[in-house]
Structure formats: C-alpha cells, structure tokens
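Read through the structure below, which is laid out as structure tokens, and then see the notes.
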Amino acid sequence: MTRPSAERTRVRDRLLDGTRFLVASHARPDGDSLGSQLALAEALTQLGKEVRVVNADPPPARYAFLPGAAAIEVAGSVEDDADTAVVLECGTLGRTEVSGLAGRPVVNIDHHAGNTGYGAVNWCDESACACGELVFELIEALGAELTPSIATNVYVAILTDTGSFRHANITARTFDICRRIAGTGVDAAAVAARVFNNGSLGRLRLTGRVIDRMRLEADGRIAVLAVDEAMLRETGCEADDLEGVVNLPLAAGDVKAVILLKALGGGLRVSLRSKDEIDVRRVAVSFGGGGHRNAAGLTVEDPASDVRARLVRQVAAAIAESRPA
Ligand code: AMP
Ligand code: MN
C-alpha cells in the first residue's frame, strides 16, 4: 500500500547519513505528534543513531504510557551539535516553540496543508491521515524492525488524529498500517482505553459544563463553546482536559461547524471543527493559524472584542461556500 515517493527517499537517505538527531514536534503535543516522534526516535536508535526527543511542553498525562515518553526532554531552546533536526507534524518551524533547532539541516515531515517547506529536506503529504502514517512508511524504508513499542506509538498517532477512525483522509493505507500494527501483538482496545477512558471525573464535569453553555449561531449550524480559567479551576482541570470537547457538538446533525474559544492565560486560543467540505482551515489561516480542512486552530494574542463575531461570520461564510449554488 506504500506509494512511491521521491521525498520519502530523500528523507530516508538524509536520516541514514546522520548520526546525532534532535526529534521535535509542536508545542502542546497531541497523540499524533508524540506517537510519531517516539516511533521515529526508536527506529533511529535501532539503527545506532544518537537521538534526543525535545518538545516545548510535556506530554499530557494520558500519553505518559507511550513507550519512550519518559525520555522526552522539555525545553524552549536547544543547544546541541546534533547534525540533523527532524521536525514532525509542524506546518511552520515556529509551531515547535523550540528555538535553536535550525542550527543544522532540518528534515520536515508533515501532513498539514500549507506546510511552508522550511526544511533542508521536506516530505509533506496532505493525504496522510496522520503524521504517524508517514513515519510508519519511513521506518519501513529505513529498514528498522517494527517492534510492538513502535507499533503502539504509530497506532496512537493514527487513532487520535483520525478521531477514532472517523475523520477524512482515512484510506486503505491507514488500515493496511493498522493491520500490520495488530500483527505485532498490540492490543488496540487496551491502547484506546488508556487514551480515552482514563480521565478524571473533573474532566467529565468540565465537559458537561462546556456543552451546557454552548451557544448556537447561523440558524443552529454553528456551535460556539467557550472556556475560561474559572471553569477549569472549579472542576479541578487543566487546559489539556479540553482535548476532544470541541468535536462533541458535531454529534448533532444540524451542527455543521464548531468554534471553541479558550481564554486561558494571555491570548485567546481557538479550535475550529467542521463537517464534510466546509473548510475551516482557511478561516484559521486568515487569523494567522493553520491546520486541516475539518480541524484547524489559531491563537489571537491580543483579542479584540469582535473576535467571536468575526469568527462566526467567517465560519458561516465557509458553510455557505461549501454548498452547491
Ligand atoms: P486543535 O484545535 O488544537 O486540536 O488543532 C487542530 C489542528 O489545527 C491541528 O492540526 C493543529 O496542528 C492545527 N493548529 C492549531 N492551532 C494552530 C495554530 N495556532 N497555528 C497553526 N496550526 C494550528
Ligand atoms: Mn497530525
């Protein structure tokens, strides 16, 4: 099911040439960024390379069980004479929020539309359901052994980035990779339970509160969710406990898109979700963010009072544009 790719070959050759690696991904890591990093780091180590895995933020608790997660270094900058930096799952180098990576050739592997091609070598494939899918193919191309721990990490990347096998970009390749993962003995149900059924009661209460305060816009086609520090405090939660909440309103047939406003700390972080052909990535990009057609995000450092209204207007326009005239 692997498709021929000149970019993948160039990336493979560059990795085979390197000896000391920094493997980084985006700030506020998720299942795809962590699974991809840890899988690739293990494969490179198998090949006798020295590898440091570096992120700006620590892994959320639900991902602490990922094989190799304990070795992740948390740092806002790196000083190292490693000969190669591999940056996974980042549309821009800035998404790492780790400075100093570019002091050596960067290998850029990603599946986000609009990736800026910041690497010395770039492999960006929007058709991949997760960066982990690309990493799996790369590991195979490198000739590394598919161990149960690599398989677990790639499985978490795919499971989470497909929204438990519900999103777009799931292909025969996705299932072919998962079949091979299951072949290593990975217990898919047990992995899913660790990721999804291991949260706190506070998280459940926070979810209820956020949904209870949902507002509908554009004749009920847009659901707007809002969270502030007080809601987290009252439920004993952290920002990471919001993971997945943004998808819940899509369960209603009439809701076509979701805007989640997170007023936590300094700026306003916004998550956008949509169904089918509705392109919320373009909305995110117009605010300086990015992502995918159906899942995108942005940060407004200094939110003006009309940000909510502008987002609603633009998302409503995206819904209107997605309909055949
Ligand atoms: P989230 O809503 O944080 O789950 O992110 C959804 C998608 O949008 C992911 O693919 C993120 O990588 C992307 N994304 C989120 N925030 C930003 C941002 N500030 N800039 C660029 N991409 C983002
Ligand atoms: Mn991803």
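Atoms within a ligand are numbered from 1 in the order they appear, just like the ligands themselves. Computed from heavy atoms alone, side chains included, the values below leave out hydrogens, waters and symmetry copies. Residue indices begin at 1 and follow the sequence shown.
In this pair, Phe165 and Phe175 present their aromatic rings parallel. The plane angle is below 30°, not in the 30 to 60° band.
Surrounding CD of Glu234 are more than 12 heavy atoms belonging to other residues, nucleotides or ligands, all under 6.0 Å away.
Between the side chains of Arg273 and Asn247, a donor-acceptor pair is found at a separation under 3.5 Å. A side-chain donor-acceptor contact under 3.5 Å links Gln37 and Asn55. Residues Asp110 and His112 have side chains that bring a donor and an acceptor to within less than 3.5 angstrom of each other.
Using a distance-only test at 3.5 Å, with no hydrogens or angles considered, no donor-acceptor pair links the side chain of Arg282 to the main chain of Asp279.
Summary: OD2 is the N/O/S atom of Asp161 found nearest to the Mn ion (ligand 2).
The angle subtended at the Mn ion (ligand 2) by OE1 of Glu89 and OD2 of Asp32 is 80°, given to the nearest 10°.
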Atom pairs, nitrogen or oxygen, ligand 1 to protein, under 3.5 angstrom:
residue	atom	partner	partner atom	Å
ligand 1	2 (O)	Ser271	OG	2.6
ligand 1	2 (O)	Arg273	NH1	3.0
ligand 1	2 (O)	Arg273	NH2	3.3
ligand 1	4 (O)	Arg273	NH2	2.8
ligand 1	8 (O)	Gly290	O	3.4
ligand 1	8 (O)	Gly297	N	3.2
ligand 1	10 (O)	His112	NE2	2.8
ligand 1	10 (O)	His292	NE2	3.4
ligand 1	12 (O)	Arg95	NH2	2.8
ligand 1	12 (O)	His112	NE2	3.3
ligand 1	22 (N)	Gly290	N	3.3
ligand 1	22 (N)	Gly290	O	3.4

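Between the Mn ion (ligand 2) and His292 there is no N/O/S contact shorter than 2.8 Å.
The side chain to side chain contact (heavy atoms under 4.5 Å, CB included) test with Val156 is passed by exactly one of Asn153, Leu159, Thr160: Thr160.
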